[in-house]
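One structure below.
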Amino acid sequence: MNSTKENPLAFFEYIHNENNISTELESQIEYYDFLTYSINLPHTIRYIELDEWNNNVAGELEIQKIFISILRREFEKAKKHLYLAFLNNKPSSNLNYLTFQFNTIQSLISNHLNIIQSYPYLLIPLRGIVKFINDRLLISGMEEFVLNESQIEFNIDDSFKIVEKSNEQLIHSIFDFMKGENERKETILSEEDFESLIEYTTSLIEEERVPKISKKLKPNLSSKDIIRFSYWVLHNELYTSSSIRPYFYQFIKEVFENFKDNEITSIKSQFGTKGRVYSHDFLPEIITKYLSRD
């Protein structure tokens with residue numbers, strides 16, 4: 001169920017139902033190379049996949065971690081739809097419009113407490129949307145909207161990574177170093193190539209597949225492992241590193257000239273390996289924090 005400008009909360013109305021939760025999870029599992037799997041609501045997905053030596057390996061994913069990417073994507077969509085509708089509405093009708101959206105969110109919480117109890121992280125983007133309305137869309141004289149959560153008698157982990165950064169902010173926080181200079185004070189990517197990098201990476205996240213690549217890129221870096229590790233950081237921030245989405249490996253091979261002679265299996269086996277990545281001064285904190293961890 002896609003959200004629209006007319007109904008920016010359509011996805012969140014749809015997802016407060018266990019059948020629809022299963023359907024959404026099935027659509028996400030297609031991105032993994034699992035041989036077999038079983039969905040065990042509300043907590044885990046158990047699976048079997050092949051390791052790099054073609055041996056069957058059993059694993060388990062937390063459903064909450066898969067929902068990080070789903071809810072983050074839909075949270076961003078909802079904010080965009082709300083903002084565009086707000087701009088296009090007559091000022092006199094915006095109070096009614098925003099009140100209707102708030103009432104929809106309040107109704108979701110009040111009428112689906114059993115679902116929220118089983119999947120408490122569903123509440124976090126709803127809170128985030130109300131915060132977005134209060135912070136960005138209220139005009140002078142309008143009172144802030146306040147959710148009534150008095151019926152919720154269980155703890156909600158507000159550290160869930162939905163509202164910390166938009167996808168755009170996250171991508172720039174990781175990859176902006178590539179528009180700067182390397183340790184030899186040489187430009188890593190030209191302005192044009194950097195814009196292509198951001199465009200390709202944004203498409204990768206939004207479309208969840210490798211986009212059409214019109215030009216390969218060749219960052220001026222002493223080690224191509226920096227590229228591979230940077231995309232591991234992006235994957236970890238978005239989806240965690242419990243099980244890597246295979247299209248990330250394909251993306252690296254197709255986008256970067258540095259990996260033209262590498263097989264996908266080689267990229268996969270070294271993905272997330274930090275042993276050959278030096279913590280250069282030009283790397284951002286979001287990358288170096290992972291390099292410094294044991």
Side-chain angles (χ1 to χ4, degrees), residues 31-33 49-54 57 59 65 69 161 165 167-205 208-211 213-294:
Y31 297 117
Y32 297 94
D33 285 335
E49 64 179 350
L50 293 176
D51 64 15
E52 58 187 296
W53 299 282
N54 285 327
V57 179
K65 291 181 178 179
S69 60
K161 299 190 293 185
K165 290 179 181 175
N167 287 338
E168 180 182 6
Q169 289 172 324
L170 177 62
I171 290 169
H172 277 281
S173 71
I174 295 171
F175 296 101
D176 271 3
F177 77 90
M178 288 202 192
K179 66 181 178 182
E181 297 179 338
N182 61 24
E183 71 275 18
R184 299 181 298 274
K185 303 303 180 183
E186 301 163 338
T187 300
I188 296 174
L189 282 176
S190 68
E191 183 177 345
E192 179 183 350
D193 284 354
F194 176 75
E195 289 177 359
S196 295
L197 173 74
I198 297 302
E199 179 184 339
Y200 294 157
T201 305
T202 300
S203 295
L204 175 76
I205 301 309
E208 299 186 312
R209 60 183 174 85
V210 179
I213 308 302
S214 57
K215 176 188 177 183
K216 279 185 173 287
L217 307 176
K218 190 174 182 180
N220 189 5
L221 293 166
S222 57
S223 171
K224 64 186 178 184
D225 295 289
I226 295 173
I227 300 170
R228 183 163 39 203
F229 191 75
S230 297
Y231 278 91
W232 177 88
V233 171
L234 177 64
H235 191 289
N236 191 64
E237 290 285 321
L238 286 170
Y239 319 113
T240 78
S241 57
S242 299
S243 187
I244 305 300
R245 296 177 175 220
Y247 56 83
F248 267 66
Y249 311 135
Q250 191 67 39
F251 177 89
I252 290 171
K253 182 172 178 60
E254 293 190 18
V255 171
F256 296 103
E257 185 76 18
N258 315 60
F259 288 90
K260 67 178 181 179
D261 297 325
N262 288 81
E263 298 295 332
I264 293 294
T265 52
S266 173
I267 296 172
K268 179 179 180 179
S269 66
Q270 296 296 320
F271 198 67
T273 300
K274 61 184 180 181
R276 293 183 290 184
V277 182
Y278 182 75
S279 187
H280 294 286
D281 290 341
F282 62 79
L283 292 177
E285 189 271 339
I286 194 171
I287 292 178
T288 57
K289 73 178 182 181
Y290 287 107
L291 292 175
S292 63
R293 291 179 183 178
D294 294 330

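Both backbone and side-chain heavy atoms feed into the values below; hydrogens, waters and symmetry mates do not.
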Original post:
Got a sec: does the CZ of F282 have more than 12 other heavy atoms crowding it under 6.0 Å?
Top reply: yes
Original post:
Mind checking whether T201 and V255 have side chains closer than 4.5 Å, heavy atoms only?
Top reply: no
Original post:
Under 30°, 30 to 60°, or over 60°: which ring-plane class applies to F248 and Y239, parallel, tilted or perpendicular?
Top reply: perpendicular
**OP:** Assess whether side chain to side chain contact (heavy atoms under 4.5 Å, CB included) is satisfied between I198 and H172, documenting all intermediate values.
**Re:** CA-CA 8 Å; I198 297 302; H172 277 281; 3.9 Å; yes
Original post:
Is any side-chain heavy atom of I205 closer than 4.5 Å to a side-chain heavy atom of L234?
Top reply: yes
Original post:
Closest approach of S230 and I287, non-hydrogen atoms and distance?
Top reply: OG-CD1, 3.4 Å
Original post:
Got more than 12 heavy atoms from elsewhere within 6.0 Å of CD, E183?
Top reply: yes
Subject >> Candidate pair I213 and F256, rule side chain to side chain contact (heavy atoms under 4.5 Å, CB included), full reasoning >> reply: CA-CA 10 Å; I213 308 302; F256 296 103; over 6 Å; no
Original post:
Is N182 reaching over with its side chain to a backbone N or O of N220, donor-acceptor style, under 3.5 angstrom?
Top reply: yes
**OP:** Find out whether R184 and S222 are in side-chain contact, i.e. whether some heavy atom of one side chain is under 4.5 Å from a heavy atom of the other.
**Re:** yes
Subject >> Residue E257 excluded, over 12 heavy atoms near CD under 6.0 Å >> reply: yes
Original post:
So Y32 and E49, side chain to side chain donor-acceptor pair (under 3.5 Å) or not? Walk me through it.
Top reply: CA-CA 9 Å; Y32 297 94; E49 64 179 350; over 6 Å; no
Original post:
Among D225, I226, V233, which residue meets the side chain to side chain contact (heavy atoms under 4.5 Å, CB included) test with F229?
Top reply: V233
Original post:
What's the verdict on side chain to side chain contact (heavy atoms under 4.5 Å, CB included) for L197 and K179, showing C-alpha distance, side-chain angles and the deciding distance?
Top reply: CA-CA 10 Å; L197 173 74; K179 66 181 178 182; over 6 Å; no
Original post:
Please walk me through it: do E254 and Y200 pass side chain to side chain donor-acceptor pair (under 3.5 Å)?
Top reply: CA-CA 11 Å; E254 293 190 18; Y200 294 157; over 6 Å; no
Original post:
Tell me, do S223 and Y278 make a side-chain contact under 4.5 Å, heavy atoms counted?
Top reply: no
Subject >> Residues, nucleotides or ligands: over 12 heavy atoms within 6.0 Å of K216 NZ >> reply: yes
Original post:
If you take all heavy atoms of S203 and P211, which pair is closest and at what distance?
Top reply: CB-CB, 3.6 Å
Original post:
Which is it for R228 and F259 under the side chain to side chain contact (heavy atoms under 4.5 Å, CB included) test, yes or no, and what are the steps along the way?
Top reply: CA-CA 9 Å; R228 183 163 39 203; F259 288 90; 3.7 Å; yes
Original post:
For R245 and E208, which heavy atoms make the closest approach, and how far apart are they?
Top reply: NH1-OE2, 3.1 Å
Original post:
Is there side-chain contact between F175 and I286, with at least one heavy-atom pair below 4.5 Å?
Top reply: no
**OP:** Search all heavy atoms of L217 against all heavy atoms of N258 and return the closest pair with its distance.
**Re:** O-OD1, 3.7 Å
Result block: side-chain N/O donor-acceptor pairs under 3.5 angstrom for residues 187-196, not counting sequence neighbours:
| unit_1 | atom_1 | unit_2 | atom_2 | d |
| --- | --- | --- | --- | --- |
| S190 | OG | D193 | N | 3.1 |
| D193 | OD1 | K215 | NZ | 2.8 |
| S196 | OG | E192 | O | 3.3 |

**OP:** Write down the atom of H280, the atom of T288, and the distance for their closest heavy-atom approach.
**Re:** O-CG2, 4.4 Å
Side-chain donor-acceptor contacts of residues 264-273 below 3.5 Å, not counting sequence neighbours, with atom names and distances?
| unit_1 | atom_1 | unit_2 | atom_2 | d |
| --- | --- | --- | --- | --- |
| S269 | OG | T265 | O | 3.4 |
| S269 | OG | S266 | O | 2.9 |
| Q270 | OE1 | R276 | NH2 | 3.1 |
| T273 | OG1 | Q270 | O | 3.2 |

